Amino acid sequence: MTEGFAFVIIARRRKREKSFPSRIRLNVEKEAKYFIQEKRLRMSPEPFDPAQGTPTDFIREAVKEDLKNGRFNYVRTRLPPEPNGYLHIGHVKAFMIDYLVAKENGGDLVLRFDDTNPTKEETEFVEAIEDDARWLGIEWSKVTFASDYFDLLYEWAQKLVLAGKAYVDDQTPEEVSKNRGTLTEPGKNSPFRDRDVEENMDLLERMKNGEFPNGSRILRAKIDMAHPNINMRDPAMYRILHEHHHRTGDKWKIYPLYDWSHGQNDSMEGITHSLCSLEYEDHRPLYEWFLDQLDVFKPRQIEFARLNLNYTVMSKRKLRRLVEENHVSGWDDPRMPTLRAMRRRGYTANAILDFIRRVGVAKNYSVSDVSLLEACVREDLNKTSLRRMAVIRPLKVVIDNYPDDLVEEMDAVNNPEDPNAGTRKVPFSKVIYIEQDDFRETPPPKYYRLFPGNEVRLRYAYFIKCSHVVKNDAGEVIEVHATYDPSTRGGDSPDGRKVKSTIHWVSAKHAKEAEVRMYDRLFSKENPEEGEEGFLNCLNPNSLEVLNGFVEPSLATAEAGSRFQFERLGYFCVDKDSTKEKPVFNLTVNLKDAWAKIEKKGN
């Protein structure tokens, strides 16, 4: 990547981010250089080596310093997911930072669900998030909910009202927004800002009891409507919402805003280090203001850059649209970036965690390459996956000089990377299937697979030579005829002759018909999140191809979730839709990075 290209990327980002002047900006030229360094770092093929010791970064160094200087004498972090969707790959980075920082310092981790918005939360998501986190190997000391602290949080709100630090505002949402000001102009005080304490306490209690309709009043902190940080301009703390809550039922008619509950919940639980993504950096002064006014335990907030992946969207709202508008089959569609989808596709927890380690922890915005994630998956599955033969685009081959009723069992290696995996028996007979791509009637230059007059090796079996073909009325080859050399069983010729190609096969008589789902990237554009509707306009129409092929007979009884390498094709996982009558396999990842070749050719 050239500095000129990086300059353009960074300049565009700064233009998009001009509405956030409080964010620290580097000189564009200097940031372009950082961008190149970050990009190169995230493309590094080197995995984390435990022998080199515990990894370090600015967060770990900050925690270490806090323990050393006595700011804290223990470490406690928290995972604060909202139960309104499924975890995706972006959450994994945040989860692992919280988990490992606590674990490495002998501390504990709290899993706290932020259930402050009853209109979007479901118990289904709570259970799914816990299950996915356990799958990653994350352990926590306890599970809590923001709603566990609703009573205490309300008491703390009353405390601020009594101290003259909060008030009830009767302005409409439109008036509140209009009077908030802009990034260059101060806001205007609400006409209700100077209500006396007694009236504010009375109105707040009546709000809680449900006496007012939705949107008619809010409780606001009383800070400074001219503050340069917009988040400090009398932010809302409670809004009226007559909604049933999945845990508290109909007890509450007001619900806290995240900016009010977030820091206070951390304080209530004794969280020492509140680790957040960068978008909360501008909110930190507000969180600290609340804690100072309440004079309660004060956690330290540290921000880091969130995980971004090319060819991927991470926004829950956009992911929800993909599901609700039927662009995908569900939250666990193997093309989605959710952990549910990745598990279904065949990704392993080890591979995902390896990817997160390689990406590292940084403060600068960056986009990681999805090819690096796929490389981690490929590397892990290469070590652990049993090899099997499958033909996903079958072409019939008849071996004319092979006995009609003879069936032989060939010895096949289960995993060349693992000697302890042993071997298996694979049936061989007169009629077999090979891949259509492994035959050409008129071969192009340097094509060494099967064509008329050419000899190839059948994996674990014999040398065969094509003699002639059978075509349909359209002139398409539908059947290949060949002869075999009985002396080449096992793949070697006694006379020492060589063949330039080895192809895989399955016995037509014994193979099991299977559905094979070939998945590709859901988006054809490297940055699909540009623009509100842009991500739907760059959906890849070829992201799913369903094929009917044939697999070794042993795969007929493979359990859902089992992973295999289909020799010469890629890594595949048994789908939950699979049955003994019709096995279903999902492509996890190709043996090689096909997209790298496509992009290289395009460039």
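The shown structure was predicted, so the numbers you read here are calculated from the model rather than taken from an experiment.
- In this structure, the separation between CG on Asp333 and CG on Leu522 is 7.5 Å, given to the nearest 0.5 Å.
- The minimum heavy-atom distance between Cys573 and Arg345, with the atom names listed, is CB-O, 3.4 Å.
- Residues satisfying the ring-ring contact (aromatic ring centres under 6.0 Å, His included) criterion with Tyr280, sequence neighbours excluded, are Tyr258, His283.
- Put simply, the side chain of Asp577 does not reach to within 4.5 Å of the side chain of Glu515, judged on heavy atoms.
- Considering Asn265, Val110, Leu109 in turn, Val110 is the only one that fulfils the side chain to side chain contact (heavy atoms under 4.5 Å, CB included) rule with Ile271.
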Salt bridge (Lys or Arg N to Asp or Glu O under 4.0 Å) assessment of Arg306 paired with Glu279: CA-CA 9 Å; Arg306 69 195 307 171; Glu279 61 262 37; 2.9 Å; yes
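- Of the N and O atoms on the side chains of Asn231 and Asp282, not one donor lies less than 3.5 Å from an acceptor on the other residue.
- For the pair Lys525 (side chain) and Asn537 (backbone), a donor-acceptor distance under 3.5 Å is absent.
- No side-chain donor-acceptor contact under 3.5 Å links Asn350 and Thr348.
- Side chain to side chain, Thr272 and Arg300 fail the donor-acceptor criterion of an N or O pair below 3.5 Å.
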Salt bridge (Lys or Arg N to Asp or Glu O under 4.0 Å) between Lys64 and Glu104, worked out: CA-CA 10 Å; Lys64 182 180 178 181; Glu104 291 164 8; over 6 Å; no
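- Every residue two or more places apart in sequence or in another chain was checked for a ring-ring contact (aromatic ring centres under 6.0 Å, His included) with Tyr347, and none qualifies.
- Atom CG of Asp132 and atom CH2 of Trp135 lie 7.5 Å apart (nearest 0.5 Å).
- Ring geometry for Tyr287 against His262 counts as tilted: the plane angle lies between 30° and 60°, on a 0 to 90° scale.
- With hydrogens and angles ignored, the 3.5 Å screen pairs no side-chain donor or acceptor of Glu303 with any backbone N or O of Lys363.
- Between Phe566 and Phe572, the angle of the ring planes stays under 30°, which puts this pair in the parallel group of the 30/60° scheme.
- Among residues at least two apart or in separate chains, salt bridge (Lys or Arg N to Asp or Glu O under 4.0 Å) pairs with a member in residues 384-394 are Arg393-Glu545.
- Side-chain contact of His273 with Asp66: a donor-acceptor pair under 3.5 Å is present, judged by distance alone.
- Minimum interatomic distance between Pro80 and Asp114 (heavy atoms only, all atoms of both residues): O-CB, 4.1 Å.
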